Protein chains: 4
Amino acid sequence: MTVVDEQVRYPLGKGTIMKRIDATTLSDWIESIEQLPYEVKRLTVNLNDEQLSSTYRSDGWTIRQLVHHLADSHSQAYNRIRTALTEYIPSIQIYDEQGWSELADYDLPIASSLMIIEGIHNRWVYLLKNLTAQQLKRTYEHAVDGELTVEQAIGLYAWHGEHHIAHIRLALTK
Amino acid sequence: MTVVDEQVRYPLGKGTIMKRIDATTLSDWIESIEQLPYEVKRLTVNLNDEQLSSTYRSDGWTIRQLVHHLADSHSQAYNRIRTALTEYIPSIQIYDEQGWSELADYDLPIASSLMIIEGIHNRWVYLLKNLTAQQLKRTYEHAVDGELTVEQAIGLYAWHGEHHIAHIRLALTK
Amino acid sequence: MTVVDEQVRYPLGKGTIMKRIDATTLSDWIESIEQLPYEVKRLTVNLNDEQLSSTYRSDGWTIRQLVHHLADSHSQAYNRIRTALTEYIPSIQIYDEQGWSELADYDLPIASSLMIIEGIHNRWVYLLKNLTAQQLKRTYEHAVDGELTVEQAIGLYAWHGEHHIAHIRLALTK
Amino acid sequence: MTVVDEQVRYPLGKGTIMKRIDATTLSDWIESIEQLPYEVKRLTVNLNDEQLSSTYRSDGWTIRQLVHHLADSHSQAYNRIRTALTEYIPSIQIYDEQGWSELADYDLPIASSLMIIEGIHNRWVYLLKNLTAQQLKRTYEHAVDGELTVEQAIGLYAWHGEHHIAHIRLALTK
């Protein structure tokens, strides 16, 4: 991958797993997760089919696919964190992101995924704001990312949301 | 469990896994999945906190918990079917339903879960209506239910939705 | 207008103002108003731009315009009834339906109007179910329809919703 | 009214009608109208019945009533502007704000009004962003406010939204 490719694929850089997380950082991440549904809506709710079919790089996902993917991915994220809260270091299954994005429902208008994203994030943020210090240190085991604490996962998904919002912004300038 | 208990817990009887599924049955199930979000909304959207806190049996979930549970469970169902469509006989993880229902977010107003249910079902129904005969025969392996075809899973979740709608109706008559 | 034209324009016949309205009729109308948002959603939520641009007759409104019009018209209807409930035989302003349908916002995706329709109907139906016999007899004065009681207006708008749903169904078969 | 009363009633001061409006001011107002639905949601979507029943001043509206009022008032505002765009200096009817807030539907959960606010603002903002210089100078005649241009009305309603958001914030600190 060239440097330019890398910059287009990762407009905000790659997500990193932080070792030490202070209260301000955690609260900024939760704030970012809280804002995501509104940010995505503001960018996409009034777009027509042609605009939704634009991509941020050749062979990259369209805006439509990015919105459906955010619904799927953050729904999984919310589930992973709840699994960590209710089981002891659970192993988390990964799913075939690319395969899912090729199923028929990824061609649909984005309205349904905007509802999913908003509903999930409302519930998720409330849960996150009510976690104890102990709950934040619980962990899950991910096949690729390894063992992550709940608060590390929060950071990962705050980045993940902003990462795809940057893709949507890029696609809109083309 | 007494017979009366059984009737309250399973107002429509227990869900059964069907061996042979004809086209009409399948299409009725998909129709039932399509109607669920509207049925749940009609029953619950205008309820106040006190009404949402009523239960269909002592120690049973409240209407509020039932709605949040439908969002969680059908989100998993939709994921399971997509996993069966994109992986070869995947093993499906089960989750701690009871544990999840005791987390802080199950106390929230139901509006967010009504959005999730509607968004998920819109996408799910479209996917189901576009499956080929071959895709309907793909399977996943569930720790409790065993190996299920996609069409058997459709039947299971059509039942599951109606099962909990019957609970909500019961709770509303109390 | 030829007979065929008339049948396409008014697939359910023209709305009529009923003199005597019994309890069953009134309750059927309110039920129809309650169902409308779900019926419209079921028919339109997964349509793409091209499908939304189809019409039920040449020179007729597209499905997209019909959905936006339902949001506007039923928002007015809800206002008219509330004006009749809070003022003495108020004169109701009419609006330029055709002119509004030519403004820029009628080109938008229908998701926003589906939200408006659902929100309005939820509140409206609750209000209607809680009216006293006396409130049902209050009136407003409409420039074209003349003096209408609240219950006559309920009948008119139940018809109006079904009338446009019939148009959407027609457009979908083309 | 004492000075303190005045400050609680009008936390941002009263709305004023501006004579000269430059492009930046206009664009800030439209931005404010665009943000309103998300701001209101962020503040209210997870509140329970008791929190929704709190007021920003004794005898003032509750948060619940403020949200329903925003749905009603901005729905009227959007209608007024479209009337000015399609008729020549139309006279605008005022409505009985206080009377409407005492009807049964103002007791409902806020979810329906949050949908109305979001749907209305999405369509309204798109319309406003697509107005020509000439359309911005069209006017309507209001019984209390006098003759207002479309751009003056935009300013008035940007203020109106922020005014009630300030009330909601106040009520949340009590």
Side-chain angles (χ1 to χ4, degrees), chain A residues 37 41 64 67-68 70-88 90-132 135 140 150, chain B residues 37 41 64 67-68 70-88 90-132 135 140 150:
Chain A
K41 278 199 182 180
R64 182 184 297 104
V67 174
H68 291 315
L70 277 169
D72 285 339
S73 168
H74 290 198
S75 164
Q76 298 268 358
Y78 175 42
N79 289 350
R80 285 166 186 188
I81 285 174
R82 290 187 293 172
T83 306
L85 294 172
T86 50
E87 300 176 30
Y88 181 70
S91 289
I92 295 296
Q93 284 178 321
I94 54 175
Y95 69 101
D96 180 0
E97 281 187 11
Q98 193 57 41
W100 287 25
S101 79
E102 289 159 13
L103 294 171
D105 53 322
Y106 267 65
D107 296 332
L108 284 175
I110 58 173
S112 299
S113 288
L114 292 177
M115 282 188 231
I116 298 170
I117 293 169
E118 183 172 352
I120 295 274
H121 278 243
N122 283 346
R123 286 181 49 181
W124 191 14
V125 164
Y126 184 83
L127 178 66
L128 297 181
K129 287 185 177 171
N130 284 282
L131 292 178
T132 62
Q135 286 178 310
Y140 64 74
V150 166
Chain B
K41 278 199 182 180
R64 181 183 298 103
V67 174
H68 291 315
L70 278 169
D72 285 338
S73 167
H74 289 199
S75 163
Q76 299 268 359
Y78 175 42
N79 289 349
R80 285 166 184 187
I81 285 174
R82 290 187 293 172
T83 306
L85 294 172
T86 50
E87 300 176 30
Y88 181 69
S91 288
I92 294 297
Q93 284 178 320
I94 54 176
Y95 69 101
D96 180 0
E97 280 186 12
Q98 193 57 39
W100 287 25
S101 80
E102 290 159 13
L103 293 172
D105 53 322
Y106 267 66
D107 295 332
L108 284 175
I110 58 173
S112 299
S113 288
L114 292 177
M115 282 188 232
I116 297 170
I117 292 170
E118 182 171 352
I120 294 276
H121 278 245
N122 284 347
R123 287 181 49 181
W124 191 13
V125 164
Y126 184 83
L127 178 67
L128 297 181
K129 287 185 177 171
N130 284 282
L131 292 178
T132 63
Q135 286 178 310
Y140 64 74
V150 166

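These numbers come from a predicted model, not from an experiment. Reminder, nothing fancy here: chain letters follow the sequence lines and each chain counts from 1.
- Formation of a donor-acceptor pair under 3.5 Å by the A:Glu118 side chain with backbone atoms of B:Ile116 is not found in this model.
- In terms of modelled atom types and a separation under 3.5 Å, the side chain of A:Gln93 and the main chain of B:Ser91 share a donor-acceptor contact.
- Contacts between B:His121 and chain A at a heavy-atom distance below 4.5 Å are absent for every atom of the residue.
- Of the N and O atoms on the side chains of B:Tyr126 and A:Asp107, not one donor lies less than 3.5 Å from an acceptor on the other residue.
- Looking at B:Ile120, both its backbone and its side chain come within 4.5 Å of chain A, counting heavy atoms on both sides.
- Pairing each heavy atom of B:Ile94 with each of A:Glu87, the nearest pair is O-OE2, 4.1 Å.
- Interface remark: B:Ile110 contributes no atoms to any contact with chain A (heavy atom separation under 4.5 Å).
- B:Leu128 does not touch chain A: none of its heavy atoms, backbone or side chain, sits under 4.5 Å away.
- Highest contact tally toward chain B, considering only A:Asp72, A:Asn130, A:Leu85, A:Thr83, is held by A:Asp72 [criterion: heavy-atom pairs under 4.5 Å].
- Heavy atoms closer than 4.5 Å to chain A are found in the side chain of B:Gln76, but not in its backbone.
- Side-chain contact between B:Met115 and A:Leu114: absent, with no pair of heavy atoms (C-beta onward) separated by less than 4.5 Å.
- Chosen from B:Asn122, B:Leu127, B:Leu108, the residue pairing most often with chain A at heavy-atom distances under 4.5 Å is B:Leu108.
- Residue with the most contacts toward chain B among A:Gly99, A:Ala104, A:Pro109: A:Ala104 (heavy-atom pairs, distance under 4.5 Å).
- Highest contact tally toward chain B, considering only A:His68, A:Gln135, A:Arg123, A:Gln98, is held by A:Arg123 [criterion: heavy-atom pairs under 4.5 Å].
- We find the OH-OG1 distance between A:Tyr95 and B:Thr86 to be 10.5 Å, quoted to the nearest 0.5 Å.
- When each of B:Ser112, B:Ala111, B:Ser75, B:Ala71 is checked for heavy-atom pairs under 4.5 Å with chain A, B:Ser112 comes out on top.
- Looking at B:Asp96, both its backbone and its side chain come within 4.5 Å of chain A, counting heavy atoms on both sides.
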